[in-house]
There are 2 protein chains.
Amino acid sequence: MSNLLLRHLEQFGPLPPDEKRALTSLVQRVHEIGADQDIVAEGDRPGDCKVILEGFAFRYKLLGSGRRQIMSFQIPGDVVDLQGFLLGEMDHSVATLTATKVGVIPHNLLLPTTERYPFIARALWQSTLIDSAVFRERLVGIGRRSAYQRIAHLLCEVFLRLQAMGLTNDGSYELPVTQAELGDSLGLSTVHVNRSLKTLRDDGLITLRDGRVVIHHWEGLGAAGEFDPRYLHLTRRLNPAPQSRERETGSSDAH
Amino acid sequence: MSNLLLRHLEQFGPLPPDEKRALTSLVQRVHEIGADQDIVAEGDRPGDCKVILEGFAFRYKLLGSGRRQIMSFQIPGDVVDLQGFLLGEMDHSVATLTATKVGVIPHNLLLPTTERYPFIARALWQSTLIDSAVFRERLVGIGRRSAYQRIAHLLCEVFLRLQAMGLTNDGSYELPVTQAELGDSLGLSTVHVNRSLKTLRDDGLITLRDGRVVIHHWEGLGAAGEFDPRYLHLTRRLNPAPQSRERETGSSDAH
DNA sequence: CGCACAATTGAAGCAGCTCAAAATAAGTGG
DNA sequence: CCACTTATTTTGAGCTGCTTCAATTGTGCG
């Protein structure tokens, strides 16, 4: 059940056996949430943390005049509201993209756990720092990259993050986002996302259909998005790197 | 010397006396750095953390074709490279705006300190989460707000952060940035920053000259930038709120 | 004085936006 | 299985906030 949490946290280094054990009893119950529902909302003071066990979510903020900015997509293994644990009040919302299962970790269990198990505490801290790195990278993209580059970059990022969790398939992965959501994530209009996706498709880099991303040319996509994966700090590759995996003879693949 | 670090960390709640004491001996030496110098650079694996004691700095990343994105401005009290402590390698650089004094905290002292003193560890973690919130807010601005709004928002944010450190003067503060740096921080060209600043000035909201920001109309500026300070989590106001302070009879003040 | 850097202003161009509508897909109830 | 509804994708066309290029004006300083 919280295998996923373990896998997530071990991205940053192995945990000692006793801490692993402690981790497995963190998730007290599982909550099923429908698509397009808030997991936590801005202003909430949650009494527990939520780990995504199945499905996808995103952090967002609403602005005046109905605009929305999505800050990140969250995937299985991610703890979405550590902010609530440490700072009390959420300053943004997290909502589901699809029907989602979340594991619930009560703060009054998490607190003693982080005090007793320093590796767990450290790994959670590291996890929030990776979140931070993801925000920064998005910031760079929106601030200084073209629409085409931003999309390429995002698709690379999500690929590597999903791959680290074992959720990719030979250079393709599930990402049930609409173009409107992509736009809100990248600071673009739906229309422009559509046109840029078309260009990426025409360039033979990717296909995005029915909530599934197929990367036809990993290196090309990375180059298009100026993607440098180091900010994800996936030092311990739990899976082979994408370059060495999804070479399919027919399609143009990475090298 | 590390009074500032204490003040910074106590933004999130008081520390017990013994932890306060431990904190004062963290900074082992002080390093003076000239203007426009990197404090840490992308790719570095620093062996210590740096706290700003005097002066200003900013996080940034360089992109292809010489573009630069500044992710945040850092002020006295900020620890600029906790990322290096927890993740090893820096994925971005931090450079000074002005001549700066930084306190150096060796990792091999910080590590046992965070293990022995849970409140310090927690406060540092909280501090990184506030950084995160700042990145997110910038992200929202660049993604979905106009140039005018972004500038207003940034100036509000820096005001409150400096105020929490006791570094404001009746609605004005030192911020030694050039318009080019502002642009790189907000995803704008220098030219457009200049024009937007002119509009803000003409609207009677602010003046920015010689590295000093004067806020003439706090509420107006906040409204212009859709500024909601909650993301800074400055629950414990160490100074009076700006609204109740800088009412100057002549100029247009908030209310 | 004169260099170098920052701020300012003008003018033209464009990346991406908005408005609008058509085409496609995905239910849903009968 | 169809008729109807609603959401998403796609395409067209005109518009604009911001960019780029270029030149001018401070302004601090050796």
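Note that these values count all heavy atoms, side chains included, but never hydrogens, waters or copies made by symmetry. Every chain is numbered from 1 and lettered A, B, ... according to where its sequence line falls, protein lines coming before strand lines.
At the heavy-atom level, B:Arg201 lies under 4.0 Å from the strands shown only through sugar-phosphate atoms. If you check every strand for non-hydrogen atoms under 4.0 Å, B:Ser146 touches sugar and phosphate atoms only. Among the protein residues, B:Leu197 comes within range of no part of the nucleic acid, since none of its heavy atoms lies under 4.0 Å from any strand. A:Thr178 comes within contact range of the sugar-phosphate backbone alone, with a heavy-atom separation under 4.0 Å but no base atom that close. Across all strands, A:Gly187 comes closer than 4.0 Å only to sugar-phosphate atoms, never to a base (heavy-atom distances).
The nucleotide whose nearest atom lies closest to any side-chain atom of B:Val191 is, among C:dC19, D:dA22, C:dC17, D:dA22. Considering only side-chain atoms of A:Ala147, the nucleotide from D:dG12, C:dG16, C:dA7 that sits closest is C:dG16. Between C:dA7, D:dT9, D:dT19, one nucleotide has an atom nearer to the side chain of A:Asn194 than all others, and that is D:dT9. Each of D:dA13, C:dT9, D:dT19 was ranked by its minimum atom distance to the side chain of A:Arg195; first place goes to D:dA13. The B:Gln179 side chain lies nearest to C:dA7 when the options are C:dA7, D:dC18, C:dA26.
Residue-to-nucleotide proximity on DNA chain D shows that, of A:Val177 and B:Tyr148, the 5′-proximal contact is made by A:Val177.
Using modelled atom types, one finds no donor on one side chain facing an acceptor on the other under 3.5 Å when comparing B:Arg59 with B:Ser93.
Across A:Ser196 and A:Ile151, no two heavy atoms sit closer than the pair CB-CD1, 3.5 Å.
Under the salt bridge (Lys or Arg N to Asp or Glu O under 4.0 Å) rule, A:Glu157 has a single partner from A:Arg230, A:Arg138, A:Arg150, which is A:Arg138.
Look at NZ on B:Lys198: it is 15 Å from P on C:dA7, rounded to the nearest Å.
Between B:His153 and B:Phe227, the ring-plane angle classifies as perpendicular under the 30° and 60° cut-offs.
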